Visitor: 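Here it is, the structure in full.
What you see is a predicted model, and the numbers here were worked out from it, not measured in a lab. Just so it is clear: chains get the letters A, B, ... in the order the sequence lines come, proteins before strands, and each one is counted from 1.
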4 protein chains.
Amino acid sequence: MQTTNVTGTRSAVNQMPMPTGMNPTMQACIDACNACLQACEECYVACLNEPDVQARIHCIQVLRDCADVCSMASQYMSRNSEFSQQFCNLCATICDACAAECTKFQDTHCQNCADICRTCAEECRKMSTTKM
Amino acid sequence: MQTTNVTGTRSAVNQMPMPTGMNPTMQACIDACNACLQACEECYVACLNEPDVQARIHCIQVLRDCADVCSMASQYMSRNSEFSQQFCNLCATICDACAAECTKFQDTHCQNCADICRTCAEECRKMSTTKM
Amino acid sequence: MQTTNVTGTRSAVNQMPMPTGMNPTMQACIDACNACLQACEECYVACLNEPDVQARIHCIQVLRDCADVCSMASQYMSRNSEFSQQFCNLCATICDACAAECTKFQDTHCQNCADICRTCAEECRKMSTTKM
Amino acid sequence: MQTTNVTGTRSAVNQMPMPTGMNPTMQACIDACNACLQACEECYVACLNEPDVQARIHCIQVLRDCADVCSMASQYMSRNSEFSQQFCNLCATICDACAAECTKFQDTHCQNCADICRTCAEECRKMSTTKM
């Protein structure tokens with residue numbers, strides 16, 4: 001199977017062998033959470049450095065909450081915690097809030113981050129409702 | 001550019017557009033840290049469930065420290081923290097210790113995790129010594 | 001006002017001036033989460049080193065989940081996150097599960113940790129249901 | 001032994017029995033890290049809401065790094081990780097940087113946070129150099 005690396009920005013590390021046996025729904029959700037935490041951290045710094053930072057205080061706060069909850073969700077799932085589904089349910093709520101906040105700003109980093117947050121929210125909802 | 005997905009276990013989320021502009025050394029290190037924290041969490045659970053768990057207490061403890069430091073390194077780099085390099089330097093030390101510990105056990109999860117820890121240690125050392 | 005330090009193990013740092021203005025319900029919950037994460041980490045190491053570690057695998061896993069969620073709850077509250085109450089609600093669930101698990105073991109560290117987890121669960125429930 | 005609660009802001013939870021046997025240098029450092037992460041989170045929100053937020057971007061970034069590293073140092077020490085001393089050494093560096101940054105601002109929350117960061121840096125240095 002071959003996959004196209006759309007953006008060329010992901011490194012060779014993604015092609016490293018991964019531990020076997022991870023449930024595909026969970027793996028998709030882990031990857032979405034990792035992508036989301038990175039996007040939120042990047043968007044967080046970018047927002048802090050925008051000239052209209054004062055209009056973005058709430059966005060900056062939600063971006064941080066979203067990065068932190070995605071990071072912990074990724075760890076809970078990776079160790080197959082019995083609380084993964086409840087954790088992902090909360091993560092979906094925060095990702096949705098973050099997407100809604102980022103959508104308000106027209107710059108590329110916020111629009112991009114909003115997309116990634118929405119994808120992550122969907123994956124977290126799938127995770128939290130899938131019979132494991 | 002096409003890349004081969006060696007194991008088929010990585011999901012489509014990896015092909016999501018990522019925020020642009022990330023330094024390639026840093027992106028490689030973020031990806032290595034994310035892969036390493038997942039491998040450590042998976043190996044941690046697997047070790048806990050091995051019949052010789054009593055021989056693996058130290059390994060289990062180092063795996064946890066390694067997962068946690070990789071997770072935080074990934075966040076520090078994603079927000080381009082001024083302490084990223086110092087953080088990655090410590091992360092490399094802990095990844096090396098974790099690789100050394102996992103190498104002692106012959107099962108697939110430990111051998112696999114040792115490889116991923118070594119890769120992560122190398123990426124973290126590159127990160128911590130690259131002029132940014 | 002004078003307070004009795006029951007155990008003599010808490011350091012002078014607790015008498016440091018703290019930032020003013022924290023809501024008392026939230027401060028009580030932050031302190032409970034900090035105490036709980038420490039108790040869980042200590043009990044985690046103690047369980048790993050018990051001769052019957054194989055009987056404690058589930059307890060060890062819940063202790064780790066509990067330490068991690070308490071740590072993040074403490075940070076969410078400290079920054080007065082809008083998601084603090086939802087986060088504390090989940091934290092209460094995991095603390096209850098951890099208390100139930102620790103109660104099964106007769107050693108001092110598990111009995112002590114179960115008490116601290118129960119207190120933390122109560123504080124988290126208060127936090128999650130108090131009108132802020 | 002009786003201790004005076006200087007500020008009256010710490011809750012009854014501090015008088016809870018704690019697990020026995022924690023090394024006093026480590027307990028002092030855990031308490032300092034917990035106090036510091038809370039002060040940093042509170043100062044972080046306060047800075048974000050100051051009218052001169054644009055002058056505080058760097059301070060806001062360091063406050064976040066400091067809160068995160070203190071939180072993880074507290075967890076490493078609580079489980080008596082073999083990497084606690086190296087972790088506390090890095091934590092001291094970041095606490096010093098945070099104190100230096102907060103000192104630049106005259107408001108109470110920054111001056112208070114600077115004091116708490118300095119205390120935490122000292123405790124972390126003690127921790128990292130004490131023979132355990």
Visitor: Can you check whether A:Val69 reaches C:Phe87 side chain to side chain, under 4.5 Å on heavy atoms?
Guide: yes
Visitor: Who among C:Val62, C:Leu90, C:Asn89 has the most heavy-atom pairs with chain A under 4.5 Å?
Guide: C:Leu90
Visitor: Would you say the side chain of A:Gln61 lies within less than 4.5 Å of the side chain of C:Asn80, judging by non-hydrogen atoms?
Guide: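 No, every pair of side-chain atoms sits at 4.5 Å or beyond.
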Visitor: What's the spacing between C:Ser81 OG and A:Asp68 CG if we round to 0.5 Å?
Guide: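 Result: 9.5 Å between the selected atoms.
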Visitor: At their closest point, which heavy atom of A:Phe83 faces which heavy atom of C:Asp65, and how far apart are they?
Guide: CD1-OD2, 3.4 Å
Visitor: Chain C: which of A:Arg79, A:Met72, A:Gln75 shares the most heavy-atom pairs with it under 4.5 Å?
Guide: A:Arg79
